[in-house]
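Notes follow once the structure below has been shown.
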Amino acid sequence: MRAIEHNAIATAVEKMCREANCVLPRDTEQALGKALKLERSPLGRDILNQCLLNAKIAKVQKMPICQDTGLAVFFVKQGKDVEIKGGPIHEAINKGVAKACRQGFLRASCVGDPVFLRKNTGSNVPAIMHIERVPGSRLEINYMPKGGGAENTSRLAMLKPSDGQQGVVTFVSETVIQVGANPCPPTVVGVGIGGNFERCALLAKKALMWPVGKPNPDKRYDQLEKKILKAINASGLGPQGLGGTVSCLSVHIEHEPCHMSSLPVAVNINCHAHRHQTVAL
């Protein structure tokens with residue numbers, strides 16, 4: 001059994017929270033560069049240039065790319081041969097998030113009570129964590145700071161099986177088009193298909209962790225992603241919703257089996273500052 005110290009996890013999480021908020025990942029930067037070549041609207045190109053300049057300034061000055069440093073979302077794969085010493089893993093992750101928030105001057109975005117007090121926790125915790133036990137002796141932590149504006153545009157539908165592929169394309173593309181400029185396009189769109197009501201929402205979130213532009217390994221779903229992307233970009237919504245060729249950088253689908261009478265579909269959107277980072281201990 002391999003032992004990993006509680007404090008080592010907290011330190012790694014603190015570092016990745018600070019870096020992810022200040023350094024746009026390479027895949028997102030490349031996707032914005034590709035969008036700049038495709039965009040035909042002069043205003044759209046100007047916006048994309050400003051997005052890339054903003055990312056460069058944030059990296060050099062070590063400042064957050066966006067004022068919304070998000071709710072901290074983690075997907076963790078903990079090997080079955082890994083033992084956490086010094087305390088539970090969720091406490092280590094929350095400790096790292098809180099320290100990054102306070103010492104990295106990241107905006108605290110979390111309120112403790114959702115309806116009545118809505119008092120800010122001041123530390124961006126508790127984080128949202130999905131911890132999976134997998135074979136092996138490796139601990140992999142995937143982090144995404146999820147902004148509220150894009151998160152508010154999430155949608156879920158329980159389609160009929162007879163709705164089929166076209167039903168999925170129509171629901172997802174119309175959802176992204178209807179929310180317009182709210183999620184700060186060009187967006188990255190995560191789609192969850194299958195499972196049940198709660199499971200497809202989690203799949204949509206998980207789909208956002210894919211590298212931007214990476215093709216789905218299942219050729220059928222790869223084609224479905226491309227159909228959705230084409231439908232969204234044909235809308236003319238454009239960068240920041242001000243018109244143009246590129247409204248969406250990439251669509252990613254996670255899918256699972258479902259009940260024979262259901263076709264659950266969930267949509268989760270990220271803005272052009274699509275931030276994510278992975279660390280392995």
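Predicted model, so just to flag it, every value in this text is computed and none were measured. Computed from heavy atoms alone, side chains included, the values below leave out hydrogens, waters and symmetry copies.
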So [Y] and [X], do their side chains get closer than 4.5 Å, heavy atoms only?
{"X": "M144", "Y": "K205", "result": "yes"}
{"X": "Q277", "Y": "E19", "result": "yes"}
{"X": "K206", "Y": "F75", "result": "yes"}
{"X": "V265", "Y": "V191", "result": "yes"}
{"X": "C110", "Y": "P126", "result": "yes"}
{"X": "I141", "Y": "T278", "result": "no"}

For [X] and [Y], test the side chains for any donor-to-acceptor distance below 3.5 angstrom and give the result as yes or no.
{"X": "H276", "Y": "D27", "answer": "yes"}
{"X": "N142", "Y": "E140", "answer": "yes"}
{"X": "S154", "Y": "N268", "answer": "yes"}

Donor-acceptor under 3.5 Å ([X] side chain, [Y] main chain):
{"X": "D81", "Y": "P135", "answer": "no"}
{"X": "H272", "Y": "L48", "answer": "no"}
{"X": "D163", "Y": "L159", "answer": "no"}
{"X": "S247", "Y": "P186", "answer": "no"}
{"X": "T11", "Y": "A8", "answer": "no"}
{"X": "S235", "Y": "I232", "answer": "yes"}
{"X": "D68", "Y": "G148", "answer": "yes"}
{"X": "N233", "Y": "C248", "answer": "yes"}
{"X": "N54", "Y": "I65", "answer": "yes"}
{"X": "Q240", "Y": "L242", "answer": "no"}

Salt bridge check: are [X] and [Y] linked by an N-O gap of less than 4.0 Å?
{"X": "R118", "Y": "D113", "value": "no"}
{"X": "E83", "Y": "R2", "value": "no"}
{"X": "K95", "Y": "E91", "value": "no"}
{"X": "K34", "Y": "E39", "value": "no"}

Common cluster, [X]/[Y], ILVMFWY with side-chain heavy-atom separation under 4.5 Å:
{"X": "I84", "Y": "Y143", "value": "yes"}
{"X": "V188", "Y": "W210", "value": "no"}
{"X": "L156", "Y": "I193", "value": "no"}
{"X": "V73", "Y": "M16", "value": "no"}
{"X": "L249", "Y": "V251", "value": "no"}

Is there a side chain to side chain donor-acceptor pair (under 3.5 Å) between Q166 and K227? Walk through the geometry before answering. CA-CA 9 Å; Q166 189 53 50; K227 285 182 183 177; over 6 Å; no
For C101 versus G122, what's the shortest heavy-atom pair and its separation? SG-O, 4.2 Å
What are the two closest heavy atoms between A207 and G190, and how far apart are they? CB-CA, 3.9 Å
Establish, yes or no, whether a centroid distance under 6.0 Å links the rings of H255 and Y221. yes
Count the heavy atoms belonging to other residues, nucleotides or ligands that lie under 6.0 Å from CE of M1, then report whether that count exceeds 12. yes
Atom NZ of K77: over 12 foreign heavy atoms under 6.0 Å: no
Qualifying salt bridge (Lys or Arg N to Asp or Glu O under 4.0 Å) pairs, either residue in residues 49-66, two or more places apart: none
Please list all pairs meeting salt bridge (Lys or Arg N to Asp or Glu O under 4.0 Å) that have one or both residues in residues 260-278, counting only residues at least two apart or in different chains. none
From [X] [atom1] over to [Y] [atom2], what is the distance, rounded to the nearest 0.5 angstrom?
{"X": "L224", "Y": "R220", "atom1": "CG", "atom2": "CZ", "result": "10.0 Å"}
{"X": "T245", "Y": "L237", "atom1": "OG1", "atom2": "CG", "result": "11.5 Å"}
{"X": "L106", "Y": "R18", "atom1": "CG", "atom2": "CZ", "result": "7.5 Å"}
{"X": "C184", "Y": "I269", "atom1": "SG", "atom2": "CD1", "result": "11.5 Å"}
{"X": "E256", "Y": "L202", "atom1": "CD", "atom2": "CG", "result": "8.0 Å"}
{"X": "L52", "Y": "L32", "atom1": "CG", "atom2": "CG", "result": "5.0 Å"}

With a 3.5 Å cut-off and sequence neighbours excluded, list the donor-acceptor pairs that the side chains of residues 173-181 form with protein atoms.
from, atom 1, to, atom 2, distance (Å)
S173, OG, V169, O, 2.6
S173, OG, T170, O, 3.4
T175, OG1, F171, O, 2.7

